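All remarks here apply to the structure that follows.
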Amino acid sequence: EADIYQTPRYLVIGTGKKITLECSQTMGHDKMYWYQQDPGMELHLIHYSYGVNSTEKGDLSSESTVSRIRTEHFPLTLESARPSHTSQYLCASRPTGYYGYTFGSGTRLTVV
Amino acid sequence: AQSVTQLGSHVSVSEGALVLLRCNYSSSVPPYLFWYVQYPNQGLQLLLKYTSAATLVKGINGFEAEFKKSETSFHLTKPSAHMSDAAEYFCAVKKKGGSEKLVFGKGTKLTVNP
């Protein structure tokens, strides 16, 4: 069973609202990732982190930001939600030297 | 640039039949390769991975995959499908020593008919 937790599981929010998607892992993994998933499409990497105080943007242009103040916590924030942000957001982690990523159950975001 | 092609967005098999999900990759060097499974309203679960050891990789739930460098393929198989195998399956590739990016295919939805 995965030890990576995402909250909320589902979120419906109005345009222009600020939201934070939470991701926490209890495995002590140093590397963490945020992927965006749309039906019938590849997962796209939007942010990643090598460790505390390290964050990088992925390939997919994203208006979101992330922070990594603690090893176990990697929240993703949208300052002003738009309908185009409607998607599923998946958080993942892995320890250095091991390439089996552990994924959370995802947050399904709908912006109306 | 790396890419992953999964042939067939939908595959349907009968319970007890062979499952074959196809994955071809494009990479300048042999990469790390993965198969993930996603059940409805869940995240992705690692089925198996190839990291340059044995070319035939056994995973969970009776699945296995064979890395064929000459064919740039990493097809997923299971001898006998079970109803519980119905899910979406994603093939993914990561360049060795390269970027952190895990490149995914578009997924194959497996239906198992009774």
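Remember, it's a predicted structure, so these values are computed and weren't measured experimentally. So that the names make sense, note that chain A is the first sequence line, chain B the second, and so on, each numbered from 1.
Between Asn113(B) and Ser14(B), the side chains place no donor N or O within less than 3.5 Å of an acceptor N or O (distance only, hydrogens not considered). Side-chain N/O atoms of His10(B) and Thr111(B) include no donor and acceptor closer than 3.5 Å. With 3.5 Å as the limit, one finds no donor-acceptor pair spanning the side chains of Thr102(A) and Ser93(A).
Cation-pi geometry between Lys78(B) and Phe63(B) is met: the NZ or CZ atom falls under 6.0 Å from the ring centre, inside 45° of the normal.
The environment of NZ in Lys58(B) is sparse: at most 12 heavy-atom neighbours from other residues, nucleotides or ligands sit within 6.0 Å.
For Leu48(B), no part sits under 4.5 Å from any heavy atom of chain A, backbone or side chain. Looking at Tyr98(A), the atoms closer than 4.5 Å to chain B (heavy atoms on both sides) all sit in the side chain, from C-beta outward. Heavy atoms closer than 4.5 Å to chain B are found in the side chain of Gln37(A), but not in its backbone. In this structure, chain B has heavy atoms under 4.5 Å from both the backbone and the side chain of Tyr101(A). Heavy-atom distances place the side chain of Phe90(B), and not its backbone, under 4.5 Å from chain A. Interface remark: Gln38(B) contributes side-chain atoms only to the contact with chain A (heavy atom separation under 4.5 Å).
For the salt bridge (Lys or Arg N to Asp or Glu O under 4.0 Å) criterion with Glu63(A), the lone passing option out of Lys57(A), Arg82(A), Lys18(A) is Arg82(A).
Annotation: maximal heavy-atom pairing with chain B below 4.5 Å, among Gln88(A), His44(A), Lys31(A), occurs at Lys31(A).
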